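Because the structure is predicted, anything quoted here is derived from the model rather than measured. Sequence lines set the chain letters: A, B, ... in the order given, protein chains first and strands last, and positions in each chain run from 1.
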2 protein chains.
Amino acid sequence: MPTRSTDLGLALSEVEVPRGFGRGPRWWCANFQDAGFRITLPRQAILEALTNNSTKHLSAEEIYFEVHKRYPGVGLTTVYRTLEILVNMGLVFRFDFGDGKSRYELLQGPNAVTHHHHLVCTNCGRVIDYTEFIEQEKGLLDKIEKVLSEKYKFNIKSHQIQFSGLCEKCK
Amino acid sequence: MPTRSTDLGLALSEVEVPRGFGRGPRWWCANFQDAGFRITLPRQAILEALTNNSTKHLSAEEIYFEVHKRYPGVGLTTVYRTLEILVNMGLVFRFDFGDGKSRYELLQGPNAVTHHHHLVCTNCGRVIDYTEFIEQEKGLLDKIEKVLSEKYKFNIKSHQIQFSGLCEKCK
DNA sequence: TCAGTAATTGAAAATGATTTCCATTATCAA
DNA sequence: TTGATAATGGAAATCATTTTCAATTACTGA
Ligand SMILES: [Mn+2]
Ligand SMILES: [Mn+2]
Ligand SMILES: [Zn+2]
Ligand SMILES: [Zn+2]
């Protein structure tokens, strides 16, 4: 018997030695297993949806719709639950752009978008990712983070820079 | 008759020529009048609550409680409505620190807190204002703002920098 | 391989912040 | 002082998110 398999039909060798992406192996399985969480079909589906839309800023419901196309049995509640886990594990970042719902962005994996910050239109909600000056931002923030961590005894996990205003159409 | 008075009992000379603060004259009246809004008792009460708590990060309901102490007739709905106006006028900034409710900070007036950014505990919700490196941050952000405004045709109104992590007690 | 056990799930109900409605009241220009 | 209309507050509606709970499923250990 070359590979054992789980009830999900996932070859364990894939779980243990991820190599590709997209339809293929699952780079994030180790994260789940290490944290004591199980690998389930809904969780796969949700990661897949995030991966296939890594340049967007999907809400929980939008992720649910995305998942629903291929896995109609997955519920919205599970989407919320999985997103919470992913945020806590640091694989996903949760944003609030002021439209009343949380929005999520994949931080890890081969398909993750590179480090960037945001420009948000307060009128229509449009969000632009920008990477201009990102190195300078990163340099300054690293320095600040070091000082603040020590002074305020904070264990800093992440940062966020956001500009708000009116986009071309809205101003 | 030296000064006329409004139905609110506010001497018009105070409205037109604000000079002090706290219990006294109303620096923000011009903002409301210029924007075509009326000066009302609920609005005074809300500005007063924000002014007397400018170092906190009150939610709409907390502002409502604060207002309620002195003006029990003012409703929560009006607090929400007034906050929206204040945010749009740029007198108040709306934050989301991840606890499910918006929080507000006074930006203008003699009692406003100086320009700063935030450190947020994702576990207990504690928020720390920091001003370390604020000049360097401001310098860099101004430069970035100039470039982004032009490149993306955005009319940038404000920015935000936020660090998230665990505070001393929670880590 | 397989059963036992605890984790996970989906649907429905609950929650809670914010918004909408609407009849009444108050501001303020004339 | 008065009239047009902006503003108000309470109740009801909305809507994103959370909770509940009985049924299902993944994984452990034999
Ligand atoms: Mn982004
Ligand atoms: Mn602050
Ligand atoms: Zn816009
Ligand atoms: Zn804390």
**Complete:** Rounded to whole Å, the CG-P distance (A:L86 to C:dT8) equals 13 Å
**Message:** Using whole Å, what does the distance between atom C1' of nucleotide C:dA12 and atom CG of A:L76 come to?
**Reply:** 13 Å
**Message:** To the nearest 0.5 Å, what is the distance between CD1 on A:I39 and CD on A:Q33?
**Reply:** 4.5 Å
**Prompt:** Less than 4.5 Å apart, any side-chain heavy atom of B:F154 and any of A:E168?
**Reply:** no
**Neighbour count above 12 (heavy atom, 6.0 Å) for A:K146 NZ** = no
**Prompt:** Are the side chains of A:R81 and A:T77 in touch, meaning some heavy atoms are under 4.5 Å apart?
**Reply:** yes
**Message:** Distance check needed: C:dT18 P versus B:I63 CD1, whole Å only.
**Reply:** 10 Å
**Item:** Residues B:Y80 and B:E61: side-chain donor-acceptor under 3.5 angstrom
**Value:** no
**Asked** Which whole-number value in Å describes the distance from B:I39 CD1 to C:dC28 P?
**Response** 6 Å
**Candidate list B:L50, B:T55, B:D129, B:L58, test side chain to side chain contact (heavy atoms under 4.5 Å, CB included), partner B:E105, passing option** = B:D129
**Complete:** A:I85 atom CD1 is separated from D:dT17 atom P, nearest whole Å, by 17 Å
**Prompt:** Per the end-axis method with five pairs at each terminus, what is the bend angle of the helix from C:dT1-D:dA30 to C:dA30-D:dT1, to 10°?
**Reply:** 50°
**A:D34 CG - D:dC27 C1' separation (whole Å)** = 15 Å
**Request:** Name the orientation class of the two ring planes belonging to B:W28 and B:F32 (parallel below 30°, tilted from 30 to 60°, perpendicular beyond 60°).
**Result:** perpendicular
**Request:** Nearest whole angstrom, please: distance from the P of D:dA6 to the CD of B:Q33.
**Result:** 16 Å
Tabulate atom names and distances for all N/O pairs under 3.5 angstrom spanning the protein and nucleotides 5-7 of chain C.
unit_1 : atom_1 : unit_2 : atom_2 : d
C:dA7  : O4'    : A:R38  : NH1    : 3.4
C:dA7  : O4'    : A:R38  : NH2    : 3.3

**Message:** To the nearest 0.5 Å, what is the distance between CG on A:L141 and CG on A:L148?
**Reply:** 10.0 Å
**Message:** For a quick test of reading the model, state the closest non-hydrogen atom pair linking B:D96 to B:D99 and the distance between them.
**Reply:** OD1-N, 4.4 Å
Using a cut-off of under 3.5 Å, enumerate the N/O to N/O pairs linking the protein to nucleotides 15-17 of chain C.
unit_1 : atom_1 : unit_2 : atom_2 : d
C:dA17 : OP1    : B:K101 : NZ     : 3.2

**Item:** Side-chain N or O of A:T77 closer than 4.0 Å to phosphate OP1/OP2 of C:dA11
**Value:** no
**Prompt:** Could you go step by step and tell me if B:R94 and B:E84 meet the salt bridge (charged side-chain N to carboxylate O under 4.0 Å, His left out) rule?
**Reply:** CA-CA 9 Å; B:R94 170 192 280 128; B:E84 190 185 1; over 6 Å; no
**Request:** For B:R94 and C:dT19, give me the distance from atom CZ to atom P, rounded to whole Å.
**Result:** 7 Å
**Request:** Show your reasoning for whether ring pair (Phe, Tyr, Trp, His ring centres under 6.0 Å) applies to A:Y104 and A:H57.
**Result:** CA-CA 6 Å; A:Y104 302 85; A:H57 304 94; over 10 Å; no
